[in-house]
Amino acid sequence: MYSFDFARPTSVADAVAALGQEDAQALSGGQTLIPTLKQRLASPSVLVSLSAIADLKGVSAEGGTLSIGAGTTHATVAAEAGAYPALAELAGQIGDPAVRNRGTIGGSIANNDPSACYPAAALGSGATIVTNSREIAADDYFQGMFTTALEEGEIITAVRFPIPEKAAYIKFQQPASRFALVGVYVSKGAGGVRVAVTGASNDGVFRWSEAEAALAGDFSAGAVEGLAAPSGADMISDLHGSGDYRAHLVKVLTKRAVAKANG
Amino acid sequence: MKTTLTVNGEAHEVTHDPRRSLLDTLRDDLRLTGTKKGCDHGQCGACTVLLNGERVNSCLCLTAMHDGDEVTTIEGIGSPERLSALQKAFVEKDGYQCGFCTPGQIMSATAMLREISEGAPSYVSDDLEVPKLTDTEMAERMSGNLCRCSAYPLIREAIAMASEVSQ
């Protein structure tokens, strides 16, 4: 690791102040950032740990909305997000148990890894990303691989999910890392039908609008059957699978996710 | 900088660089070398310890993040004279070859047996209310702990044995 200073504020206001320093970096659970620091792929001047801020932790459900503090671990979401079962199930399949005890929803959403699970849940549910200064709709928040609407020094404080009538997530997992080779999150609720795909596109998580249109009138796996899979030309291609293979998986997993959501 | 940790019930104040991992603090500053450094990147699980009772990869914890926290290492759950049920079972069932991953396996299994006794399901659980300790369930719940010698069947037998003892 390159050398850095360390701050561990106990309030969001103090954290925002600490992040005002040049090249400061927020640290949540550290399950991605610490390996990145060890590989010398990041060199912050000061690391601002958010782990001592009690206000950032906890899960609460009220009036059809599930609100999760940004510093809440995947293990806690898996255990306590029973009001939104598809989301709890997704959280329980991230990484391994030790990683789930440290990694946080805010860290995952802020990082926006193109193969992470939570971005699919947020976009696929039409969630709202709450920061220290504003609220951002998921549709406006995810702006490409590792790119988000967050400004320098802005901290996610919570993620609010409208609880849909039906939802499911299916991922074809990379068996070692448990990242999604492709993951599809579908939901049907007051905001209509959403189909969010992670792990596939070089632009990060995206909505498969053709499938959403087909499912809007007929929320069944059969409605997806007649669609052509999205183009694999701009999809992630690596040793685990080609772009065309991932494109194929998008359609297959969308059908399975719809079937699962229908129970 | 200075950080206060309670390790195996004993309070320690350590002076360290902000970059120090909890793993390096345990091994190099406190000389508790039972916790192993395998990959140092959170992939192998050899460095698993209990942090405030929950299993974590100590290589992916910066010591500076844990002022006031409680850590339990393999040295804290038993001694050569008084082995824990899991330690006894690993010896009995020969749940290892080279032994390097074993402290991590045992710490992870210690937390896992508690989690399952508290009724926490995993995504492979058939019964979400009362998960059972099947081979599939153990394989999933221990998926963060790799054994390059591939002693997995005997590791599972040891965990199953310890589970029966504790019941």
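Remember, it's a predicted structure, so these values are computed and weren't measured experimentally. The chains referred to below are lettered A, B, ... by the order of the sequence lines, with proteins before strands, and numbering in each begins at 1.
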Next on the checklist: Given the ring of A:Tyr2, does A:Arg40 sit roughly above its face, with NZ or CZ under 6.0 Å from the centre of the six-membered ring and within 45° of the axis?
Outcome noted: yes
Item to check | Interchain contact, B:Asp67 with chain A, by part (heavy-atom threshold 4.5 Å) | outcome: both
Next on the checklist: Heavy-atom cut-off 4.5 Å, strictly under: side chain, backbone, both or neither for B:Leu146 against chain A?
Outcome noted: neither
Checklist entry - Tell me, side chain or backbone of B:Arg19 under 4.5 Å from chain A's heavy atoms, or both, or neither? => result both
Item to check | Within 6.0 angstrom of A:Glu152 CD, more than 12 heavy atoms from elsewhere | outcome: no
Checklist entry - Between A:Ala127 and A:Val159, what is the shortest heavy-atom contact and its length? => result CB-CG1, 4.1 Å
Next on the checklist: Is it the case that the side chains of B:Ser108 and B:Arg55 hold a donor-acceptor pair, with the cut-off being a distance below 3.5 Å and no angle test?
Outcome noted: yes
Checklist entry - At a heavy-atom separation under 4.5 Å, does A:Leu47 approach chain B through its side chain, its backbone, both, or neither? => result side chain
Checklist entry - Going by distance alone, is a donor N or O of one side chain under 3.5 Å from an acceptor N or O of the other, for B:His66 and B:Thr3? => result no
Checklist entry - Of A:Ile155, A:Thr157, A:Leu27, which meets side chain to side chain contact (heavy atoms under 4.5 Å, CB included) against A:Leu50? => result A:Ile155
Item to check | Side chain / backbone / both / neither for B:Ala64 at chain A, heavy atoms under 4.5 Å | outcome: both
Checklist entry - Between A:Thr32 and A:Asp113, is any side-chain donor less than 3.5 angstrom from a side-chain acceptor? => result no
Next on the checklist: What part of A:Ser177 gets within 4.5 angstrom of chain B, counting heavy atoms only: side chain, backbone, both, or neither?
Outcome noted: neither
Next on the checklist: Shorter than 4.5 Å, heavy atoms on both sides: which option in B:Val124, B:Asp40, B:Thr48, B:Asn57 has the most such pairs with chain A?
Outcome noted: B:Asp40
Next on the checklist: Heavy-atom pairs under 4.5 Å with chain A - which of B:Cys59, B:Gly45, B:Gly42, B:Ser21 has more of them than the others?
Outcome noted: B:Cys59
Checklist entry - When heavy-atom pairs shorter than 4.5 Å are enumerated against chain A, which of B:Met65, B:Glu54, B:Met112, B:Glu140 gives the highest number? => result B:Met65
